[in-house]
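Chain A is the first sequence line, chain B the second, and so forth, proteins listed ahead of strands; every chain is numbered from 1. What you see is a predicted model, and the numbers here were worked out from it, not measured in a lab.
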2 protein chains.
Amino acid sequence: MSIEKPRKSEIARNRILEAARRIFADDGYEHATIRAIAAEASINPSMVIRYYGSKEGLFAAVAKMDLKVASLAGVPVAQLGEALVGHALDRWDDPKDGAALAAMMRASISNEAARERIVAQFSEQVAGLFATMGPAAVQAAPFIATQMLGLAMARYIWRVPSIAALPKDLVVKQIGKAVQRYLDDAAEQQRKIL
Amino acid sequence: MSIEKPRKSEIARNRILEAARRIFADDGYEHATIRAIAAEASINPSMVIRYYGSKEGLFAAVAKMDLKVASLAGVPVAQLGEALVGHALDRWDDPKDGAALAAMMRASISNEAARERIVAQFSEQVAGLFATMGPAAVQAAPFIATQMLGLAMARYIWRVPSIAALPKDLVVKQIGKAVQRYLDDAAEQQRKIL
DNA sequence: GCATAATGCAAACAATCGTTTACTTTTTCA
DNA sequence: TGAAAAAGTAAACGATTGTTTGCATTATGC
């Protein structure tokens with residue numbers, strides 16, 4: 001009971017944000033209209049502008065998320081591959097995080113400003129994570145990134161039937177193995193250098 | 001000297017097509033405007049409509065390309081991984097094919113109709129290729145697809161610095177190895193079943 | 001309780017886009 | 001050569017979009 005005074009329309013704000021998350025995720029940034037978001041939130045389009053400043057401001061509010069990579073801190077190196085893939089699928093299968101990820105993914109492809117911002121944001125978080133795992137992980141990171149990004153695109157954005165239909169545990173096992181091998185290969189190569 | 005009579009504006013048609021290819025590839029389907037394409041082709045926007053019917057018709061003309069997978073027919077199974085990756089990079093590094101691929105990739109994400117058409121078209125060509133390589137390849141195909149698609153997205157669409165900067169031969173070697181392992185794993189698993 | 005500020009809405013604004021129309025210029029060919 | 005067809009242009013149409021404006025309604029705090 002301290003700084004929660006000026007709130008009554010917080011409900012409307014959240015309704016707008018939820019609608020925006022869904023529509024940005026499903027339709028992409030350019031296809032999503034403020035009118036459609038306002039309609040889904042049962043409010044006037046002008047209120048969306050008043051609360052979030054602009055369409056870009058609204059998207060920025062939706063795109064605020066981190067990859068929660070901290071939870072991968074204590075994983076043994078030998079299980080890192082499956083852990084990485086499992087964690088990524090958990091993010092994508094979570095309704096809120098998944099929608100935000102899809103919205104960001106789509107926007108980063110259709111909008112140049114969003115692309116630069118999101119690529120930088122992801123690169124930083126991923127680089128930070130891999131830096132804690134030693135030089136071998138840093139070396140393997142770009143290759144692992146291509147595998148993880150491709151999995152996300154094929155399964156959740158393109159929804160390629162033969163990939164989207166695969167059971168989660170099979171994906172974790174198979175692609176986790178591939179990721180693990182990128183790590184192991186890099187580790188061995190590092191050992192040779194010494 | 002037979003059926004090439006009614007042609008004088010073929011030059012304009014090709015200028016339009018080249019401009020469309022570049023702009024669709026760089027800006028994506030929704031961001032690309034007929035006005036911008038016409039301007040780059042030094043022609044009036046109405047001519048674009050007259051020659052190609054509509055914006056969608058123009059895009060369809062740009063998106064006509066095949067993956068040229070026939071050239072992978074005689075490759076020994078043990079070198080298929082590197083061959084697949086090398087071939088993909090060759091397509092993407094080719095100016096014309098690369099632009100068409102980028103245009104299709106972008107459109108398949110922003111446009112639902114394009115997505116269905118392109119996913120189906122790619123799935124068919126890829127399935128046809130892998131079917132000639134036996135049941136193990138068919139089983140490994142979805143996983144290989146995630147790796148190849150992710151490589152293309154990261155290197156040519158997102159242009160992630162740490163991935164776009166990698167020398168081509170290193171990419172072929174490292175990711176080719178991962179693709180090869182998907183094939184080998186599937187082959188071994190097939191052997192176990194028997 | 002009442003002034004004030006926040007919340008809400010309808011309507012219009014201004015810009016952009018795909019496409020159409022009306023018209024002129026150029027090319028083609030019998 | 002000269003008439004018909006093709007190629008080309010300028011301008012406008014109609015729809016959609018993000019955003020602004022003006023005004024009503026509701027909640028808040030003294």
Side-chain angles (χ1 to χ4, degrees), chain A residues 1-24 26-63 103 106-107 110-114, chain B residues 1-24 26-63 103 106-107 110-114:
Chain A
M1 63 298 244
S2 54
I3 20 172
E4 316 188 37
K5 295 296 176 57
R7 291 181 188 174
K8 193 67 233 303
S9 66
E10 206 73 357
I11 310 105
R13 276 182 161 86
N14 280 335
R15 276 211 321 274
I16 293 172
L17 205 59
E18 279 176 38
R21 191 152 36 220
R22 193 196 69 78
I23 293 191
F24 277 136
D26 287 355
D27 299 349
Y29 181 82
E30 346 281 338
H31 241 213
T33 70
I34 295 223
R35 280 173 170 83
I37 292 168
E40 180 150 321
S42 304
I43 207 169
N44 191 278
S46 66
M47 296 304 292
V48 178
I49 299 291
R50 187 178 335 214
Y51 285 148
Y52 291 96
S54 65
K55 187 182 181 180
E56 249 197 66
L58 177 59
F59 179 81
V62 166
R106 293 199 129 95
S110 64
N111 191 280
E112 174 60 19
Chain B
M1 64 296 247
S2 55
I3 18 170
E4 315 188 38
K5 296 295 174 61
R7 291 178 189 177
K8 192 68 234 299
S9 68
E10 206 75 357
I11 310 105
R13 277 184 161 85
N14 281 334
R15 277 213 318 274
I16 293 172
L17 205 60
E18 280 176 39
R21 192 153 36 221
R22 194 195 69 78
I23 292 192
F24 277 137
D26 287 356
D27 299 351
Y29 181 82
E30 347 281 337
H31 243 211
T33 70
I34 295 220
R35 281 172 168 85
I37 292 168
E40 179 149 321
S42 304
I43 208 170
N44 191 279
S46 65
M47 296 304 291
V48 177
I49 299 291
R50 187 179 316 194
Y51 285 148
Y52 292 94
S54 64
K55 187 182 181 180
E56 249 196 66
L58 177 59
F59 179 81
V62 166
R106 293 200 130 94
S110 63
N111 191 279
E112 175 60 18

Nucleotide [N], atom [atom2] - distance to [atom1] of [X] in whole Å:
X: A:Ile34; N: C:dA12; atom1: CD1; atom2: C1'; answer: 17 Å
X: A:Ile49; N: D:dT20; atom1: CD1; atom2: C1'; answer: 9 Å
X: B:Arg15; N: D:dA7; atom1: CZ; atom2: P; answer: 13 Å
X: B:Glu56; N: C:dC17; atom1: CD; atom2: P; answer: 18 Å
X: B:Ile37; N: C:dT19; atom1: CD1; atom2: C1'; answer: 14 Å
X: A:Tyr29; N: D:dT17; atom1: OH; atom2: P; answer: 14 Å
X: B:Arg35; N: C:dT19; atom1: CZ; atom2: P; answer: 11 Å
X: B:His31; N: D:dT17; atom1: NE2; atom2: C1'; answer: 12 Å

Please work out if [X] contacts a base, only the sugar-phosphate, or nothing of the nucleic acid, heavy-atom cut-off 4.0 Å.
X: A:Tyr51; result: sugar-phosphate
X: B:Ala32; result: sugar-phosphate
X: A:Ser54; result: sugar-phosphate

Could you check whether the side chain of A:Asn44 and the base of C:dA10 have a donor-acceptor pair of N or O atoms closer than 3.5 Å, going by distance alone? yes
Sorted by position of nearest nucleotide on DNA chain C, 5' first, the leading residue of A:Ser46 and B:Pro45 is A:Ser46
Considering only heavy side-chain atoms of A:Arg50, the closest of C:dT20, C:dG18, C:dG8 is C:dG8
Quick note, B:Lys55 side chain, CB onward, closest among C:dT19, D:dT9, C:dG8 is C:dT19
Taking all non-hydrogen atoms of both residues, which atom of [X] and which atom of [Y] are closest, and how far apart?
X: A:Ser54; Y: A:Ile49; result: CA-CD1, 4.1 Å
X: B:Asn44; Y: B:Ala38; result: C-CB, 4.0 Å
X: A:Pro45; Y: A:Ile34; result: O-CG2, 4.0 Å
X: A:Ala32; Y: A:Asp27; result: N-CB, 4.1 Å

For the residue pair B:Tyr29 and B:Phe59, does the interplanar ring angle fall in the parallel (under 30°), tilted (30 to 60°) or perpendicular (over 60°) class? perpendicular
